[in-house]
Each structure stands twice: as structure tokens, then as C-alpha cells.
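The block underneath contains the structure these notes are about, expressed in C-alpha cells.
Each ligand, and each atom within it, is numbered from 1 in the order the structure gives. From a predicted model like this one, the values you see are computed outputs, not experimental measurements.
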Amino acid sequence: MDILLMGPPGAGKGTQGALLAEALGLPKFATGDLLRDAVKRGTPVGLKAKAAMEAGHLVSDDIIMGVIRDELGKPEAAHGVIFDGVVRTIPQAEGMERLLAERNRAMDHVLFFEVTDEEILGRLVKRLAIEKRADDDPAAVAVRLKAYRDQTAPVLAYYEAKGLVRRVPAVGAIDAIASRVRAAVGR
Ligand code: AMP
């Protein structure tokens with residue numbers, strides 16, 4: 001089963017994705033985590049992605065498609081993946097569709113984590129204090145929210161037209177949200 005998690009920064013995709021991956025016995029992969037790791041290690045991908053990431057802009061579709069292709073090629077991805085924030089532009093959605101089709105697969109579910117802007121800003125301020133991610137500072141957060149609205153929100157419409165989207169109210173206790181997430185994928 002292939003499941004895409006969507007939602008603005010700070011919506012809880014990472015936390016809930018890890019719980020869902022464990023519940024379903026599937027690997028989870030997040031382009032954000034892979035890119036942060038590449039930046040830390042100074043790989044060619046990391047060197048290309050660094051400036052855009054730190055400013056809160058999206059990384060180019062070419063780089064992202066390379067990362068997705070590599071991950072989908074891994075043996076552990078053979079039976080499905082929880083994709084955490086992996087598709088953020090229409091070209092990425094189209095590329096993902098092609099890569100899955102090459103493996104006789106298609107996205108099964110798209111979960112949209114619904115959170116108010118007020119809640120997001122509060123969560124990112126807390127995360128900045130804990131994780132010290134440069135792109136959680138208020139200026140970069142504003143850029144990320146704009147990127148989300150301009151480039152990623154249309155992706156939701158793309159999947160809605162295919163009837164794949166389930167909306168999950170993502171405020172409240174982690175356990176309660178996790179049950180909603182499992183229910184949304186029929187588990
Ligand atoms: P995240 O950890 O999901 O908030 O991602 C951190 C940053 O990584 C984003 O602000 C983007 O710069 C970059 N990023 C992660 N995933 C993508 C993607 N699918 N497309 C473009 N940029 C991405």
C-alpha cells in the first residue's frame with residue numbers, strides 16, 4: 001500500500017507517519033529528512049539543496065525526483081511506502097505516478113492533515129526551540145507557508161480529482177489522531 005501524507009509544515013506528518021509505518025509494517029520516507037541528512041553529509045544533492053532549504057523554498061523537482069527514484073528502488077520499498085511530505089508540486093505528483101506505474105503500483109491513499117495556521121505557528125515555535133532547525137525561524141516559516149499555499153495546495157486538488165484524499169483533523173492527542181489516521185486507510 002502506498003500512502004502519501006500531505007499538510008502544511010508542522011501538521012504532524014512526521015509523527016503520525018512514523019506511527020502509521022509501524023502499524024502497517026511499511027517503511028516511511030520523508031524527502032525533508034533525506035535532504036537534511038544529505039546537507040549534513042555534504043553530498044552532491046545536499047550541496048545543491050542547502051540554500052533553498054535554509055531559506056524555506058522548495059528544492060527543485062529534478063533533485064526531488066532523483067531522491068524518490070533512489071528510495072523506490074530499495075528492496076524495503078517493494079511492497080509500499082508511507083511518503084511523508086514527498087510530493088509538493090504538480091510535476092512531482094506526475095513523476096511519482098510514473099515511477100509507481102513502472103512498478104505496477106499507484107498511490108492508494110492521500111491523507112491531508114488539517115491544522116489551523118495558529119496551531120502551526122505555535123508548534124513550529126516549539127520545534128525551533130527543541131530541534132533548532134534553521135528553517136523553523138519565523139522568516140523561513142513564512143516562506144515555507146507561502147510555498148505550501150502556492151505550490152503544494154494545488155497537489156491536493158490533483159489527488160482530490162482522483163478521489164484519493166481523506167482529510168484527517170490533526171489537532172488533539174497524538175493517539176487520537178493516530179486512530180483517525182488508521183481509520184482513514186481502513187485499518
Ligand atoms: P520538511 O522537513 O518536510 O519541512 O522539509 C524541509 C525542506 O526540505 C522544505 O522546506 C524544502 O526546502 C525541502 N523539501 C522537502 N521535501 C520536498 C519536496 N517534495 N519538494 C521540494 N522541496 C522539498
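Note on ring orientation: taking the six-membered ring where Trp is involved, the planes of Tyr148 and Phe112 are parallel (angle under 30°, cut-offs 30° and 60°).
Counted within 6.0 Å of CZ on Arg69, heavy atoms from surrounding residues, nucleotides or ligands total 12 or fewer; the atom is thus considered open.
Here Arg36 pairs with Asp33 in a salt bridge; the nearest charged N to carboxylate O distance falls below 4.0 Å.
Within 4.0 Å of ligand 1, contacts by protein heavy atoms are made from Thr31, Gly32, Leu35, Arg36, Met53, His57, Leu58, Val59, Ile64, Gly85, Val86, Arg88, Gln92, Arg133, Asp135, Arg144.
Clustering ILVMFWY residues whenever any of their side-chain heavy atoms sit less than 4.5 angstrom apart, transitively, puts Val110 in the very cluster that holds Ile68. Hydrophobic clustering (ILVMFWY, side-chain heavy atoms < 4.5 Å, transitive): Met107 and Ile82 are in distinct clusters.
For residues 147-158, the pairs satisfying salt bridge (charged side-chain N to carboxylate O under 4.0 Å, His left out) are Asp117-Arg149, Lys146-Asp150, with sequence neighbours left out.
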